[in-house]
Every structure is written in C-alpha cells, then in structure tokens.
Amino acid sequence: MYGGSIWIPNIPAGARWMQNGVIIAGNHGEGFNTNQFSEPLGLFVDDDETMIIADNWNHRIIQWKKGDTDGTILAGGHGEGNRLNQLNSPTDMLVDKETKNLIICDRGNQRVVQWSLRSGTSKGKVLLDKIFCYGLAMDDQRYLYVTDIGQNEVRRYKIGEKNGTVVAGGNGPGADLNQLEEPIKIFVDQKQTVYISDNRNHRVVKWNKGAKAGIVVAGGQAEGDALTQLFSPIGLVVDRLGTIYVADTWNHRIVRWPKGAKQGTVIAGKIDSNEGENQFEFPVDLSFDRDGNLYVVDWGNHRVKRFFIEKTQNNS
C-alpha cells in the first residue's frame with residue numbers, strides 16, 4: 001500500500017517465479033553494520049523498488065535503495081530503549097506518503113510511533129501506547145489498523161486518536177471464528193476487508209467490514225506441512241484476484257492460496273530449512289514490486305531475497 005491509498009498487486013493467475021532467489025539486502029551474516037541485519041521482520045517495497053526493513057534486533061528501521069550495498073538508517077539505530085530517538089524490537093512499518101511519515105510498530109516498547117521521512121529527523125512521536133502491536137496497515141481513508149497480540153484483536157484508528165475500534169477478534173484467545181490467537185500481520189483491501197495471519201491457529205482469516213466473525217481463507221487444518229495446512233504463518237499479501245500469498249514461516253516456504261481454494265501451492269522455498277538459493281530459514285514477510293517480482297524477508301538467514309517473476313505469454 002502506498003500513501004493514504006491502497007496498492008493491490010496485479011499478479012496473473014498462472015504466474016510463476018524463478019526458484020532461485022537473488023539476495024538483494026544482507027548476505028553478510030548477522031550483525032549491526034549497515035550492510036547487515038539481525039533477525040529482520042518487516043518489509044515495505046516502494047514504487048522505485050526501494051525497500052524499508054524492520055531490523056528487529058538492531059532496533060532500527062533501515063532503507064535499501066535499488067542497487068545499494070549498504071542500507072541507510074531511517075529510524076532508531078541508537079540501541080535498544082524507549083527514548084524518542086530509540087526503538088525496541090520493531091516488527092513492522094508503513095509509509096504514509098501523504099504526510100511523508102513512517103509509521104512503526106515499536107513492539108518492545110508496546111507503542112506505535114510516527115517518524116518523519118524528511119532529512120534531519122532525529123526522533124519520533126508516539127501515536128499509540130500500551131499496545132502490544134506486531135502488524136500495521138492503512139486503508140484508503142487513511143485509517144490505521146494495528147494488531148494487538150496481548151488482546152488478540154485488530155483495531156482501526158483515526159490518525160491522532162487514541163481510542164480505536166475493534167474490527168477483528170477481541171473475544172479472547174481461541175480458535176472460534178470470532179476469535180484470534182496471536183494475530184501477527186494484516187492486509188487491508190479497498191473494501192476495508194481485513195486479512196490476518198492468525199499465527200497460533202495456523203490460518204489466515206478474512207474479516208469483512210463490520211463482521212462479527214471471520215472466514216478462514218487459508219490453512220485452518222491445524223499445524224502441518226500438507227498443502228491444506230500452514231504452520232505459524234506471518235506475512236501476507238492479497239492481490240487483485242483475491243489470491244493470498246503467505247509466509248508459511250515454520251514450513252520455510254511462501255504459499256499462494258487462490259480465492260476459494262481448499263489448498264495452496266508453494267511458489268518459493270521448500271520444507272527443508274537451509275541457506276540455499278531456493279530455500280529459507282523462517283521466512284517472515286513478503287512483498288511484490290510493480291513488475292510482480294517477489295521479495296521475501298529470510299529471518300533466520302538475516303537477509304532479503306528477490307524472486308523474479310517468469311516472463312511467459314500467460315503472465316507477461
């Protein structure tokens with residue numbers, strides 16, 4: 001999503017991706033230098049293929065422009081802490097282009113902060129506090145959506161206001177359709193439908209605007225590695241056809257789940273955890289660029305990989 005409006009990727013139904021990914025950020029092992037990450041979690045890919053990454057254990061948000069060999073710190077980077085120039089284990093962020101602000105889930109400090117992208121910015125502003133956030137999204141009306149792991153719910157906020165509205169969950173932890181258990185990442189479409197990676201329930205659920213219960217749209221068959229199952233899913237994206245792309249984290253793979261399908265298809269990675277070109281170690285987030293290339297945060301290998309979409313007559 002870009003700015004106060006939502007960008008929905010346009011991925012052809014029969015799209016395929018090259019199986020060997022290219023490392024485009026990281027690849028120097030775990031560390032705190034600007035060419036390294038330490039357990040990165042969140043990813044945002046902009047129009048020009050600039051990536052913004054939540055570098056979790058380095059307590060910073062870092063930007064990598066196309067072709068960069070080093071990142072640039074946008075927020076945090078002053079060690080773990082709760083001062084306004086610090087972050088503590090950030091997990092997700094988005095760019096509000098209308099105001100040129102970065103909005104960050106500062107998980108370890110249980111707050112959501114806003115950080116100007118204008119040069120010279122040295123500290124952030126607290127938007128929400130006392131919220132055990134993990135994932136963020138913004139809709140066409142510039143409402144902010146935040147997952148709250150502590151309350152097992154997703155809330156929608158008007159920017160600048162402290163009291164949100166529950167739009168999913170909020171009925172305690174559990175596996176019933178009106179419940180969530182550790183909601184992690186979210187995706188919001190143009191109808192304000194909220195898609196949630198319901199991590200402990202090993203499923204993706206969809207909550208239509210105003211709904212009192214969700215609909216299981218991927219997984220939901222207990223943890224496992226069958227194509228009908230997910231195992232602790234985290235990042236997700238939904239395209240214009242309603243196809244769900246999910247980081248099936250503990251299965252070390254990215255799965256595509258067409259609208260209405262009873263099972264998914266593996267589009268990148270495989271069960272075996274490793275460091276190979278076609279493998280991940282706990283993929284946690286994903287995104288697409290304008291050409292349909294797939295970007296994946298490879299958490300256990302401290303890097304980001306890109307998988308080029310195959311150019312064929314069917315999906316060129």
Side-chain angles (χ1 to χ4, degrees), residues 25-26 30-34 36-44 51-63 71-96 101-117 121-138 144-155 157 159 162 164 169 173 180-186 196-200 232-235 247 249-250 281-285 297-304:
E30 182 178 10
F32 58 83
N33 295 322
T34 52
Q36 295 176 300
F37 300 117
S38 181
E39 299 184 359
L41 283 175
L43 174 67
F44 177 94
M51 296 178 295
I52 299 175
I53 298 139
D55 191 7
N56 180 53
W57 280 108
N58 282 323
H59 313 291
R60 66 191 182 188
I61 305 297
I62 194 163
Q63 173 182 275
T72 302
I73 297 170
L74 298 181
H78 297 284
E80 174 186 343
N82 61 6
R83 298 196 309 267
L84 289 179
N85 70 339
Q86 293 178 303
L87 300 170
N88 183 351
S89 306
T91 55
D92 203 5
M93 72 275 119
L94 59 83
V95 174
D96 182 353
N101 286 322
L102 191 63
I103 298 175
I104 304 163
C105 172
D106 189 12
R107 179 184 57 166
N109 287 319
Q110 297 191 23
R111 66 189 184 185
V112 176
V113 296
Q114 178 177 283
W115 209 292
S116 174
L117 287 171
T121 302
S122 60
K123 62 182 181 180
K125 169 187 174 183
V126 177
L127 293 179
L128 302 169
D129 59 8
K130 299 177 182 177
I131 181 169
F132 194 24
C133 64
Y134 201 112
L136 299 170
M138 183 177 280
L144 181 66
Y145 295 71
V146 186
T147 59
D148 187 336
I149 294 175
Q151 300 299 319
N152 290 291
E153 66 188 20
V154 179
R155 282 184 174 261
Y157 296 85
I159 297 289
K162 300 292 186 182
L180 302 168
E181 188 156 1
E182 202 162 296
I184 302 287
K185 293 294 183 86
I186 43 178
I196 307 151
S197 55
D198 191 9
N199 185 269
R200 291 290 181 90
S232 297
I234 298 185
T249 301
W250 279 73
E281 188 167 1
F282 303 108
V284 291
D285 207 2
V297 179
D298 191 5
W299 178 87
N301 289 316
H302 315 287
R303 63 193 185 187
V304 178

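- Distance check, rounded to the nearest 0.5 Å: SG of C105 to CD1 of I131 gives 8.0 Å.
- Here the OG atom belonging to S38 is positioned 7.5 Å from the CG atom belonging to N56, to the nearest 0.5 angstrom.
- Applying the side-chain contact (heavy atoms from CB on, under 4.5 Å) test between I103 and each of V95, D92, V113, L94 identifies L94 as the sole match.
- In this structure the side chain of V304 reaches within 4.5 angstrom of the side chain of M51, judged on heavy atoms.
- Checked for salt-bridge contact, D285 and K185 meet the test: a charged N lies under 4.0 Å from a carboxylate O.
- At least one side-chain heavy atom of S89 sits less than 4.5 Å from a side-chain heavy atom of W57.
- Pairs passing the side-chain hydrogen bond (donor to acceptor under 3.5 Å, both in side chains) check and including a residue from residues 101-110, sequence neighbours excluded, read T99-N101, D106-N109, D106-R111.
- Taking both residues in full, the closest heavy atoms of P90 and A54 are given as O-CB, 3.7 Å, listed atom of the first, atom of the second, then distance.
- Between T34 and T72 there is no side-chain heavy-atom pair separated by less than 4.5 Å.
- Between I61 and L102 the shortest side-chain heavy-atom distance falls below 4.5 Å.
- You'll find the side chain of P40 reaches within 4.5 Å of the side chain of H302, heavy atoms only.
- When all heavy atoms of G76 and R60 are compared, the closest pair comes out as C-CB, 4.2 Å.
- N301 places no side-chain N or O within 3.5 Å of a backbone atom of R303 that could act as its donor or acceptor partner.
- Atom NZ of K162 sits in a crowded spot, with more than 12 heavy atoms from other residues, nucleotides or ligands closer than 6.0 Å.
- A donor-acceptor pair is defined here as one N or O able to donate and one able to accept, closer than 3.5 Å; such a pair exists between the side chain of Q36 and the backbone of N33.
- Looking only at side-chain heavy atoms (C-beta outward), R155 and L128 stay at 4.5 Å or farther from each other.
- Between D55 atom CG and F37 atom CZ the span is 6.0 Å, to the nearest 0.5 Å.
- Rounded to the nearest 0.5 Å, atoms CD1 (I73) and CG (N58) are 8.0 Å apart.
- Looking at residues two or more places apart in sequence or on another chain, you find no salt bridge (Lys or Arg N to Asp or Glu O under 4.0 Å) involving E181.
- Minimum interatomic distance between A247 and P283 (heavy atoms only, all atoms of both residues): CB-O, 3.6 Å.
- For the pair E182 and D198, the minimum side-chain heavy-atom distance is 4.5 Å or more.
- Minimum interatomic distance between D298 and E281 (heavy atoms only, all atoms of both residues): OD1-N, 2.8 Å.
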Practice prompt. Show your reasoning for whether side chain to side chain contact (heavy atoms under 4.5 Å, CB included) applies to I184 and T147.
Written response: CA-CA 6 Å; I184 302 287; T147 59; 5.9 Å; no
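- You'll find the side chain of V154 stays beyond 4.5 Å of the side chain of V146, heavy atoms only.
- Considering every non-hydrogen atom in both Q86 and E80, the closest pair reads NE2-O, 3.6 Å.
- Between H78 and N85, the closest heavy-atom pair is CD2-O, 3.0 Å.
- Taking OH from Y134 and CG from N199, the interatomic distance works out to 8.0 Å, rounded to the nearest 0.5 Å.
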